[in-house]
2 protein chains.
Amino acid sequence: MPTTTSQFLNGVPELLVLRLLRDKEMYGYELVEAIRAASNDNLSFAEGVIYPVLHSLERDGALSTRRQTVNGRSRVYYSVTPTGKDRFNDLLAHWQQLQSTIATIVKAPHHA
Amino acid sequence: MPTTTSQFLNGVPELLVLRLLRDKEMYGYELVEAIRAASNDNLSFAEGVIYPVLHSLERDGALSTRRQTVNGRSRVYYSVTPTGKDRFNDLLAHWQQLQSTIATIVKAPHHA
DNA sequence: GCATTATACCTAGAGTTAATAGGTAATAGA
DNA sequence: TCTATTACCTATTAACTCTAGGTATAATGC
């Protein structure tokens with residue numbers, strides 16, 4: 001019973017989190033907005049989705065954190081570790097593989 | 001709390017089932033093999049995944065069934081109803097939208 | 001003839017993930 | 001002052017997938 005990702009599906013929030021944090025460190029609340037913005041409002045994961053993802057990625061050593069107080073509000077900045085970069089590459093390869101497999105099947109003229 | 005598909009993710013087995021059955025009617029066991037074959041072994045959903053999907057699609061009126069005994073073994077052939085065609089189109093549009101959104105984000109040079 | 005494999009159906013339970021719905025606290029703005 | 005925004009968080013529910021079974025017949029191998 002591995003703690004790892006499901007065999008095929010999902011993992012989209014995780015993928016996006018790693019992708020955006022790879023560009024620059026961000027704090028959770030900022031990330032939620034960033035995903036919405038980067039997707040032109042097509043995708044919107046609530047805080048209740050993103051925070052648990054951040055925590056589990058940190059537990060796995062894929063993210064490192066830095067705490068900072070700005071305007072009296074405490075922020076937790078996340079950045080991607082080398083482990084996290086590997087994880088992202090794996091997830092991306094996996095996603096692209098799935099995506100291309102599905103595209104092929106869907107577009108095929110006819111199936112025996 | 002709708003019984004419908006999750007807002008974003010999953011639904012891949014359902015999508016493939018509808019896609020393959022759109023080409024020709026099949027029975028469950030055949031479908032399991034067909035998905036494996038159509039994906040060049042990239043995807044393989046066990047019977048325990050496919051049968052429940054078939055049943056729920058039938059419950060929703062997306063599939064109709066026909067029973068036939070061949071070589072002493074009973075088969076349940078499924079075919080796509082008009083409702084099922086609509087469902088497939090929705091699922092596909094949804095999938096493509098998701099896929100293209102993710103592709104855009106992943107490929108973007110940098111995120112503000 | 002007997003045992004194993006393949007065909008064909010099925011369900012139950014576990015595991016993973018996401019979605020909802022909360023709840024705390026400080027600041028900014030009306 | 002009251003509300004909205006910022007910023008964090010967790011718990012519960014719901015959904016779906018995955019594993020692991022279980023039944024039964026036919027075909028194949030020994």
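A note on names: the letters A, B, ... follow the listed sequences, proteins ahead of strands, and every chain is numbered from 1. Side chains included, hydrogens not; waters and symmetry mates left out as well; all remaining heavy atoms used. Predicted, not measured: the structure shown is a model, and the values here were computed from it.
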Sole candidate of Thr83(B), Val80(B), Thr81(B) that passes side chain to side chain contact (heavy atoms under 4.5 Å, CB included) when paired with Leu63(B):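 With Leu63(B) as partner, Thr83(B), Val80(B), Thr81(B) yield a single side chain to side chain contact (heavy atoms under 4.5 Å, CB included), made by Val80(B).
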
Passing option when His111(A) is tested against Asp23(B), Ile35(B), Leu21(B) for side chain to side chain contact (heavy atoms under 4.5 Å, CB included):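 The single option meeting the side chain to side chain contact (heavy atoms under 4.5 Å, CB included) with His111(A) is Asp23(B).
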
Whole angstrom value for the distance that separates [atom2] of [N] from [atom1] of [X]:
| X | N | atom1 | atom2 | value |
| --- | --- | --- | --- | --- |
| Arg75(A) | dA7(D) | CZ | C1' | 8 Å |
| Leu57(A) | dT17(C) | CG | P | 11 Å |
| Glu33(B) | dA8(C) | CD | P | 10 Å |
| Tyr29(B) | dT23(D) | OH | P | 18 Å |
| Glu47(B) | dT19(D) | CD | P | 13 Å |
| Glu30(B) | dA6(C) | CD | P | 18 Å |
| Glu14(B) | dA15(D) | CD | P | 13 Å |
| Met26(A) | dT6(D) | CE | C1' | 16 Å |

Which of these nucleotides, [options], is closest to any side-chain atom of [X]?
| X | options | value |
| --- | --- | --- |
| Val49(A) | dA18(C), dC8(D), dA6(C) | dA18(C) |
| Tyr27(A) | dA8(C), dC8(D), dC10(C) | dC8(D) |
| Val53(B) | dT17(D), dT20(C), dC10(C) | dT17(D) |
| Tyr78(B) | dC10(C), dT10(D), dC8(D) | dC10(C) |
| His55(A) | dT10(D), dC8(D), dA28(C) | dT10(D) |
| Asn71(A) | dC9(C), dA28(C), dA7(D) | dA28(C) |
| Pro13(B) | dT17(D), dA8(C), dC8(D) | dT17(D) |

Pair Glu58(B)-Ser64(B), side-chain donor/acceptor within less than 3.5 Å: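 Side chains of Glu58(B) and Ser64(B): no pair found under 3.5 Å.
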
Leu98(B) to Trp95(A) - nearest heavy-atom pair and separation: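 In this case the closest contact between Leu98(B) and Trp95(A) is CD2-CH2, 4.0 Å.
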
Phosphate contact (dT7(C) OP1 or OP2) by Arg73(B) side-chain N/O below 4.0 Å: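 No, because none of the side-chain N or O atoms of Arg73(B) sits under 4.0 Å from OP1 or OP2 of dT7(C).
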
Below 4.0 Å: OP1/OP2 of dC8(D) and any side-chain N or O of Tyr51(A):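 It does, given that an N or O in the side chain of Tyr51(A) lies less than 4.0 Å from OP1 or OP2 of dC8(D).
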
Sugar-phosphate, base or nothing in reach of Gly72(A), heavy atoms under 4.0 Å: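 It contacts sugar-phosphate atoms only.
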
Sugar-phosphate only, base, or nothing, as touched by Gly48(B) at under 4.0 Å among non-hydrogen atoms: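 It contacts base atoms.
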
Heavy-atom side-chain contact between Glu30(A) and Lys24(A) under 4.5 Å: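 The answer is yes; the side chains approach within 4.5 Å.
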
